There are 2 protein chains.
Amino acid sequence: MASEGVGSGGNGGEFATVSRIRDAAIARFARDGFQVGLRTVAADAGVTAGLVIHHFGSKDELRLACDEHVLETLRQEKTKTLTDGTGTMLLAQMAEVERLAPMVRYLLRSMQAGGELALKLIENMIADAEQYLSAGEAAGVVRPSRDRAARTRYLAYQATGSMVLWFTLHGADAEPAEFAALFRRYIEDLALPALELFTQGLLVDRSMHDEYLMYVPDPPCAGDADSIAS
Amino acid sequence: MASEGVGSGGNGGEFATVSRIRDAAIARFARDGFQVGLRTVAADAGVTAGLVIHHFGSKDELRLACDEHVLETLRQEKTKTLTDGTGTMLLAQMAEVERLAPMVRYLLRSMQAGGELALKLIENMIADAEQYLSAGEAAGVVRPSRDRAARTRYLAYQATGSMVLWFTLHGADAEPAEFAALFRRYIEDLALPALELFTQGLLVDRSMHDEYLMYVPDPPCAGDADSIAS
DNA sequence: GGGGCGGTTGAACAAGTGTTTAATCTGGTG
DNA sequence: CACCAGATTAAACACTTGTTCAACCGCCCC
């Protein structure tokens, strides 16, 4: 079953129902969160709640199918979309935000709710950011860190977390059409401070940093402290 | 009616029920999220669901009462707890985390769910951070920014958002007893990278920063650009 | 001691949930 | 045409939700 492509002989709308349900679920979950009822999703897809269960087995399996589809779509769309060093800025530059908006919003909902996909996603981001930052270090454009792994995780959580929080507070009840514009506004608001912080830091001198290193019991990589402090 | 203290003549448990319900709700909401049932909260407080409604009117009003109590308690506990420049690090230093853990966790849940309290809270944080950063600037320990307001908001969202996300992913199903330890681990993991970034920045040169300023249509505060770029 | 009165309960209610089941419709195949 | 298999539906189910209602209990006041 389900081995034929979209362009098969028939009217083409035969087995499209299951994917239509899935897409409707993605859009609806992205818009209203995962606590939305099955009947709402079913109505969006123009079917009955029973049919959703018939095709996916349960609501959890439906969400799993959504997770997988979003992940796969965005991966083959552009792997580095969400996984550059800063995590967000490059995503704004691509003009496809409009088209992918439901998917991106679905990801934000996932991050807000927690769970399997969210964890997998941020681990992917960290792994990719590790590469980007290492490459940047080797190229001499990124400063070395006393604890590279910790810094990578920190940057990933900062970028992702602030974005999720921002949309939780300001974009929770936005219409799907507004989402892309909201997204651009978020980027425009935060791009400059981010770049400024990345470029010049926040503090004038190293006293706080060094005091913390004195205070902390086991400073990591104490060996190459001089190479950074110089 | 509620003018007596705990050590009054009677059994002392007369009017304590309403606050006991509120505290149980705070703890339970903090632990399991706001979608938890009224009967669970009532059982925690040793009462019936109907009584909760009788005292608070509705579940939403119960949550409002929880919001207000948490906000007031934390405010008079220590105003600067959540509102220093970095937003999180000082909170770890105080030894009262254990005692206030349910409240802090309740705040995290609030931020995760969004809504009135969350918005009010982050606006408070931004306002206070503005003061701290201005004072730091005046004292010469904080670098000036091209757009101070934007930087303040950026820092607040970064610090808060990463914390919320971290607990969403790693502390969602933690026991209340583990929470304080989790909190400390979070701080320990992220304090060094944060201080490092604040001290030395991330990028070696200013090319990215300056390129963005060229690209962006209207750079804010273009007048004092030299004072920063110098 | 009688009378209220607030605190408190347990049961009931209406609405919503995810899920199941039996029936219906539809289209391809012998 | 008969027939079967899958898609699809409407209704029912079991359950939880927030909320309401009538009753009960215990205390204070007259």
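To find a chain, count down the sequence lines: A is the first, B the second, and so on, and within it residues start at 1. Worth knowing before you read on, the calculation uses all heavy atoms, side chains too, and leaves out hydrogens, waters and symmetry mates. Because the structure is predicted, anything quoted here is derived from the model rather than measured.
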Point to revise | Salt-bridge criterion met for A/D147 and A/R151 (N-O under 4.0 Å) | key: no
Identify the pairs formed between an N or O of the protein and an N or O of nucleotides 13-19 of chain D at a distance under 3.5 Å, and give each distance.
| residue | atom | partner | partner atom | Å |
| --- | --- | --- | --- | --- |
| D/dG18 | OP1 | B/K59 | NZ | 2.6 |
| D/dG18 | OP2 | B/L38 | N | 2.8 |
| D/dG18 | N7 | B/R39 | NH1 | 2.9 |
| D/dG18 | O6 | B/R39 | NH2 | 2.8 |
| D/dT19 | OP2 | B/K59 | N | 2.7 |
| D/dT19 | O4 | B/R39 | NH2 | 3.2 |

Return the value, rounded to whole Å, for the distance between atom [atom1] of [X] and atom [atom2] of [N].
X     : N      : atom1 : atom2 : value
B/L51 : D/dG26 : CG    : P     : 16 Å
B/I21 : C/dG7  : CD1   : P     : 11 Å
A/R20 : D/dA7  : CZ    : C1'   : 12 Å

Exercise for review: Describe the nucleic acid contact of A/H54 in one word from base, sugar-phosphate, nothing, applying a heavy-atom distance below 4.0 Å.
Suggested key: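 Result for A/H54 = base.
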**Study point:** Backbone of B/F34 reached by a side-chain donor or acceptor of B/K59 within 3.5 Å
**Key:**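 Yes, B/K59 side chain to B/F34 backbone: donor-acceptor pair under 3.5 Å.
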**Study point:** Flag, side chain of A/H170 to backbone of A/W166, donor-acceptor distance under 3.5 Å
**Key:**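 Between the backbone of A/W166 and the side chain of A/H170 there is a qualifying donor-acceptor contact (under 3.5 Å).
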Exercise for review: Using the side-chain contact (heavy atoms from CB on, under 4.5 Å) rule, take B/M111 and A/T168 through it: C-alpha gap first, then chi angles, then the decisive distance, then the call.
Suggested key: CA-CA 8 Å; B/M111 294 290 209; A/T168 298; over 6 Å; no
Check your understanding: Heavy-atom count around B/E123 CD within 6.0 Å, excluding the residue itself: above 12?
Key ->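 Yes, the 6.0 Å shell around CD holds more than 12 heavy atoms from other groups.
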Check your understanding: Do other residues, nucleotides or ligands put more than 12 heavy atoms under 6.0 Å from A/E116 CD?
Key -> no
Review point. Does B/T17 place a side-chain N or O at less than 4.0 Å from the phosphate oxygens OP1/OP2 of C/dT8?
Key: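 Looking at the OP1 and OP2 atoms of C/dT8, one of them is under 4.0 Å from a side-chain N or O of B/T17.
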